[in-house]
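The sequence lines fix the lettering, A, B, ..., with proteins before strands; numbering per chain opens at 1.
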There are 2 protein chains.
Amino acid sequence: MLENTDATVLSRLRDFLATAQLAEGGRLPPERDLAESLDVGRSALRKALATLQAEGVVWRHVGKGTFTGERPIDTVADINAMVQRTNPLEVMGARIAFEPEVARCAALNATPSQIAELRSCMLKAQQAPTWRLYEQWDNRLHRLIGESSQNSLLLGLLDTLNAVRRAVTWGRLRDTPVRPPPDHHSFAEHERIVEAIANRDGAAAADAMRRHLRSVEGHMRDMR
Amino acid sequence: MLENTDATVLSRLRDFLATAQLAEGGRLPPERDLAESLDVGRSALRKALATLQAEGVVWRHVGKGTFTGERPIDTVADINAMVQRTNPLEVMGARIAFEPEVARCAALNATPSQIAELRSCMLKAQQAPTWRLYEQWDNRLHRLIGESSQNSLLLGLLDTLNAVRRAVTWGRLRDTPVRPPPDHHSFAEHERIVEAIANRDGAAAADAMRRHLRSVEGHMRDMR
DNA sequence: GTCCGAACCAATTCAGGATTGGTTTGCTTA
DNA sequence: TAAGCAAACCAATCCTGAATTGGTTCGGAC
């Protein structure tokens, strides 16, 4: 019987990889087959594969197989894929992490006309006669903050985030004849955000946005 | 025999929609079933449905069905569009705004095994024999921080950001035989980030990541 | 000529089984 | 005692074929 020490298995596996001449990203045989053809137990083979994976020579995934090279990263922002993996709580978490920093950039870069538009948008949200219209102006306000950052990449990421948010919270639209109460918590919060941006105070803008989103998150939990 | 004129079929279909009380985005019965239950031929029904589709009341897709409301938005964010509108400076700006917050989440949520992997990844970057391999491990490190946030949406946004970054800075890969010097500024910075995450110190992780990216930004300017 | 029924087409969904990496268990062996 | 091995099981993924569904065509009936 051969000594199937860690080292011998590993070297035999390296030999196989060199001989097989797999294309970059090519697929190795399944562990069960490979173990048999290398005349090695599966657990020993897996130990060797783990080493190769740590070295970045191969990568593995349940149900897919083992492949040479680096694990590829998705080059397409497949929103459907994100929607299926995520949930409303994660969406709020991402918003709380991301949007305050966008607000900070907006405070530093917004043009005067954009600040005026922010104020007008805020007022329209306060005066909205239905929840649906309120949400429409609320969306517009948040995107306007993204535009004010003057960074098209940040804006693109924000749009992606919002697309996922819409898909995840789909069907929860409130179309009641009721209008948001005049003391709705968001109104004062929106005001703080917009004023911080107008004052060019990045830290205050980020802080105000974070408080606003946390408040929204709290109300989300209450509604369940 | 009923007169199944265009108008009568259309009004009967509208009646059905009003009665059915479908949720926004809800699905109508298949054309075959609906035609039978409305006592109408399929071709007549399709004509009426075409009218409703033109009005934006419903939308249809082969194999999926007929749904109320507007056709949902594109599920794939166009990375090419972002690439064309942005530039390397904006990319750095977006990274500086975004990645520190991801690091903060990672500090709060990383699993012990992820922290171990972060450390190993950092060491591999330090020992990389070429710049190309260094960047490979550097990329892996930054994505691992995204994974450690345990927020698949943040990870998705990070991947999108990286896809744009790769596309924008394409062709600047350094593949010289030279290796990163042992006192490369990033090494200490990486260490501070990873240690802050290991210590569960979100603020320190965000701060260390921000300093790191600003330092990278500074070197980017110098190279021009 | 218009509408109906039937058949067919192509895109999509769905369900079941097969495949695959990951994990546990118990036996064997050195 | 410690390690390797085989077997079984798990969960994610892939694969395949059938069923579903909107889109289209054709012949016949009124």
Are OP1 or OP2 of C:dT2 and a side-chain N or O of B:Lys47 less than 4.0 angstrom apart?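 Negative; the distance criterion is not met.
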Please check the phosphate of D:dG22 (OP1 and OP2 only) for any side-chain N or O of B:Thr66 closer than 4.0 Å.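 Yes.
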For B:Glu90, what residues pass the salt bridge (charged side-chain N to carboxylate O under 4.0 Å, His left out) criterion, not counting sequence neighbours?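 Result, salt bridge (charged side-chain N to carboxylate O under 4.0 Å, His left out) vs B:Glu90: none returned.
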Can you name the atoms? Protein N/O to nucleotides 24-26 of chain D N/O, anything below 3.5 Å, with the distance.
unit_1 : atom_1 : unit_2  : atom_2 : d
D:dT24 : O4     : B:Arg42 : NH1    : 3.4

Could you check how far [atom1] of [X] sits from [atom2] of [N], rounded to whole Å?
X	N	atom1	atom2	result
B:Arg12	C:dC3	CZ	P	13 Å
A:Leu45	C:dG21	CG	P	9 Å
B:Arg60	C:dA10	CZ	C1'	16 Å
B:Phe67	C:dA11	CZ	C1'	13 Å
B:Gln53	D:dG22	CD	C1'	10 Å
B:Asp33	D:dT21	CG	P	7 Å
B:Arg27	D:dG22	CZ	P	7 Å

Are there any protein N/O atoms within less than 3.5 Å of an N/O atom in nucleotides 11-17 of chain D, and if so, which ones and at what distance?
none

Step by step, work out the side-chain contact (heavy atoms from CB on, under 4.5 Å) result for B:Asn109 and B:Ser148. CA-CA 6 Å; B:Asn109 301 312; B:Ser148 302; over 6 Å; no
Hey, would you say the B:His184 and B:His190 ring centroids sit under 6.0 Å apart?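 Distance test on ring centres: not under 6.0 Å, no.
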With a 4.5 Å heavy-atom cut-off, do A:Leu52 and A:Arg60 have their side chains touching?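 Contact flag for A:Leu52/A:Arg60 side chains = no.
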I would like to know whether A:Leu10 and A:Thr51 meet side-chain contact (heavy atoms from CB on, under 4.5 Å); could you show each step before the answer? CA-CA 8 Å; A:Leu10 190 53; A:Thr51 307; 4.0 Å; yes
Criterion side-chain contact (heavy atoms from CB on, under 4.5 Å) on B:Ile197 and B:Ile145, from CA distance to verdict: CA-CA 9 Å; B:Ile197 293 177; B:Ile145 292 174; 4.2 Å; yes
Please pick, from C:dT20, D:dG22, D:dC5, the nucleotide with the shortest atom-to-atom distance to any side-chain atom of B:Pro30.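 When the side chain of B:Pro30 is considered, D:dG22 is the closest of C:dT20, D:dG22, D:dC5.
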